[in-house]
Participant: 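Can you keep this structure in mind? I'll have questions shortly.
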Amino acid sequence: MSTMNQSSNGTDFLVEVSSLVKSFRPNASPALDQLNAGIPGSAVTGLIGPDGAGKTTLMRMLAGLLLPTSGTIRVLGFDPVSQPEEIRSRIGYMPQRFGLYEDLTVLQNLNLYAELRGVVGKERESSFERLLTLTDLKRFQSRKAGALSGGMKQKLGLACALVSKPELLLLDEPSVGVDPISRRDLWKMVQELVSDGIGVVWSTSYLDEAELCNTVILLHEGKKIFDGPPEELTDRVRDRTFQLRAEGNRRQILAEALRSPNVVDGVVQGEHVRLVVKEHASTDGIERLADDRRLRPVAPRFEDAFIDRLGGLPKEESPVVGAMPHRQHDGGAVIEAKELTKRFGHFVATDQVTFSVNRSEIFGLLGPNGAGKSTTFKMLCGLLKPSGGTARIAGIDFQRSASAARNRIGYMAQKFSLYGDLTVKQNLDFFSGVYGLSGKRRTSATDRMIHAFGLDNYLGTASGQLPLGFKQRLAMACALMHEPDVLFLDEPTSGVDPITRRQFWLHINGLVEKGVTVMVTTHFMDEAEYCDRIGLVYRGKLIALDTPDALKRSVRSPELPEPTMEETFIRIVDQFDTAVESV
């Protein structure tokens, strides 16, 4: 029998690590460095940190997939090195790229994992009944996994990890690429499991999720820099978080505020700019940036404390912006969708969607997984041919002059569209050719992007081997090298840590100030605040179109006096469903 150890306050630990070190190369910094931590049962433990902090390495070691260089691990009282079989039969592990077989149905995937776990007979029947009900996949059990939406795939992945009723569940970034409604559903499922006594480790780059955890472990460069309840870290920035009213010029105000040595972090929030200042720092001079000359205190968030604990944002200006030319603001619509429709057989993915985007505007196209936003997005950038309606870029109809329209746009795909076996330099050379650059112009553009994105030390590295943050840099460099008028960003920060996301949006804000028009899809609702306007697509239709603040005002109620963007998204979708059901 295993023996659970207890913390000083009597909490049972399902996992204990002591002086844990993991090194992959002899002379390189260790991925985990002298880590000490305990993970309790009947609780959700959040595992957070920037890219490369060691989160996935720790997950794999707890699952017995990696051996420690030194130190000790006890999982459910067992040693993963000498007793791996005792552990594997009692834990569930869902890695970042969960191994679903896309040509198999939902039920066939469950059967496969049940076979691997030795779950048979009536135990299998009752397990499947419980899991299909929990995940709401019962009506989809004959659908192939490859045909599921992103949220449904994550639910199926979680079901497969739960087939054998684990005592410990390891979830590595389970909500990456998942819309707010599906994320809410995943959390409800996990909280039900915790109430049944299961211990959960949830690795995440969504810091609003970290606030929902019972305790969090913050890793940075392989070291633990915080371990405790999330509110304990949040309290460290209390009385240091403020909001400036910045109607009309919020991007310039944010850029100027971040130059102040007293400002640790800053983000756009609709018509406001949210700032975190250093401890004991003066706010003199910051008030003058606001339209109403007022610096209003606001409640701190876990994300504020996270950025502060990691030292804040770097102060240098975006070199990307300096590498791009300034465009004249000639007015008029740069992106136009008119009654845009796409049918796949009898299924209507996009249904007569109409809107336009003006120059130097950031337009967010949001929607749940499977709602039709990606289909709409792909038609607008020429990757899908519409079944009806028109898509125009700078007045050019894609159906009449596709090549001319494509030369005006840059496209950064959700999976970055990089060639993993090609080096960084080879990817840059390839995409410069795709965009029609040649000779000195091609050499100049490539050199400019290498410098702007700090890729000099990675030119000979295969892009598939790059850290996620550098993959993002390379993908953006490939999309910008021909100096496009319009930039299409399809979930560009999915899975990227908050500091890298901040830096990415500083680039985007600067590009927009130079006249670039941006259309973006994202599941990070805080990023939606950067948009000048948002179009919400659901069931193939455009169901809402307005500024972030106007959308939030539209769902205010006594029960929800100050809705977040995520709460707004969910409320608008729920209201649409209610209206449809009542017809």
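Throughout, numbering of the chain's residues begins at 1 and tracks the sequence. Atoms considered below: every heavy atom in the structure, side chains included; atoms not considered: hydrogens, waters and symmetry mates.
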Participant: Counting only heavy atoms not in R400, do more than 12 fall under 6.0 Å of its CZ?
Facilitator: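 Open.
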
Participant: Going by side-chain hydrogen bond (donor to acceptor under 3.5 Å, both in side chains), T493 matches just one of E527, R502, H523. Which one?
Facilitator: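 So the option named by the test is E527.
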
Participant: Classify the angle between the aromatic ring planes of Y530 and W505 as parallel (below 30°), tilted (30 to 60°) or perpendicular (above 60°).
Facilitator: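 Answer is parallel, since the angle falls under 30°.
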
Participant: If you count the non-hydrogen atoms of other residues, nucleotides and ligands that lie under 6.0 Å from CD in E232, is the total more than 12?
Facilitator: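 Yes, because the 6.0 Å sphere around CD of E232 holds more than 12 heavy atoms from other groups.
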
Participant: Hey, is the main chain of C381 close enough, under 3.5 Å, to the side chain of R406 for a donor-acceptor pair?
Facilitator: no

Participant: Regarding D497 and T500, do their side chains bring together a donor and an acceptor under 3.5 Å, going by distance alone?
Facilitator: yes

Participant: Donor-acceptor check, side chain of N262 to backbone of S282, threshold 3.5 angstrom: yes or no?
Facilitator: yes

Participant: Can you confirm if the NZ or CZ of R501 lies within 45° of the ring axis of F504 and under 6.0 Å from the centre of its six-membered ring?
Facilitator: no

Participant: Fit a plane to each ring of F355 and F363, take the angle between them on a 0 to 90° scale, and name the class: parallel (under 30°), tilted (30 to 60°) or perpendicular (over 60°).
Facilitator: parallel

Participant: Give a yes or no answer on whether the side chain of D265 reaches the backbone of V276 with a donor-acceptor pair at less than 3.5 Å.
Facilitator: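 No: the side chain of D265 does not pair with the backbone of V276.
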
Participant: Of all heavy-atom pairs between L380 and E336, which one has the smallest distance, and what is that distance?
Facilitator: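 Closest approach of L380 to E336, heavy atoms only: CD2-O, 3.9 Å.
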
Participant: Assess R183 against Y206: is NZ or CZ under 6.0 Å from the centre of the six-membered ring, and within 45 degrees of the ring's axis?
Facilitator: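 The answer is yes, since R183 meets both limits relative to Y206.
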
Participant: Side chains of R296 and Q243: is there a donor and an acceptor less than 3.5 Å apart?
Facilitator: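 Note: R296 and Q243 side chains meet the donor-acceptor criterion.
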
Participant: More than 12 foreign heavy atoms under 6.0 Å from NZ of K378: is that the case here?
Facilitator: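 Result for NZ/K378: open.
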
Participant: Measuring only between side-chain heavy atoms, which start at C-beta, is S205 closer than 4.5 Å to E173?
Facilitator: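 Result yes, sub-4.5 Å side-chain heavy-atom pair found.
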
Participant: Please check if the distance between the ring centroids of F576 and Y538 is under 6.0 Å.
Facilitator: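 Distance test on ring centres: under 6.0 Å, yes.
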
Participant: Begin from the C-alpha positions of T522 and D490 and carry the test side-chain contact (heavy atoms from CB on, under 4.5 Å) through to its verdict.
Facilitator: CA-CA 7 Å; T522 181; D490 191 6; over 6 Å; no

Participant: Take R251 and D532 through the test salt bridge (Lys or Arg N to Asp or Glu O under 4.0 Å) and record every step on the way to the result.
Facilitator: CA-CA 10 Å; R251 285 188 275 270; D532 296 296; 3.1 Å; yes

Participant: Stepwise, does the salt bridge (Lys or Arg N to Asp or Glu O under 4.0 Å) test hold for R301 with D526?
Facilitator: CA-CA 12 Å; R301 304 178 307 180; D526 284 349; 3.5 Å; yes

Participant: Looking at side-chain heavy atoms only, is the closest gap between T423 and T461 below 4.5 Å?
Facilitator: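 Side chain of T423 against side chain of T461, heavy atoms only: no contact under 4.5 Å found.
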
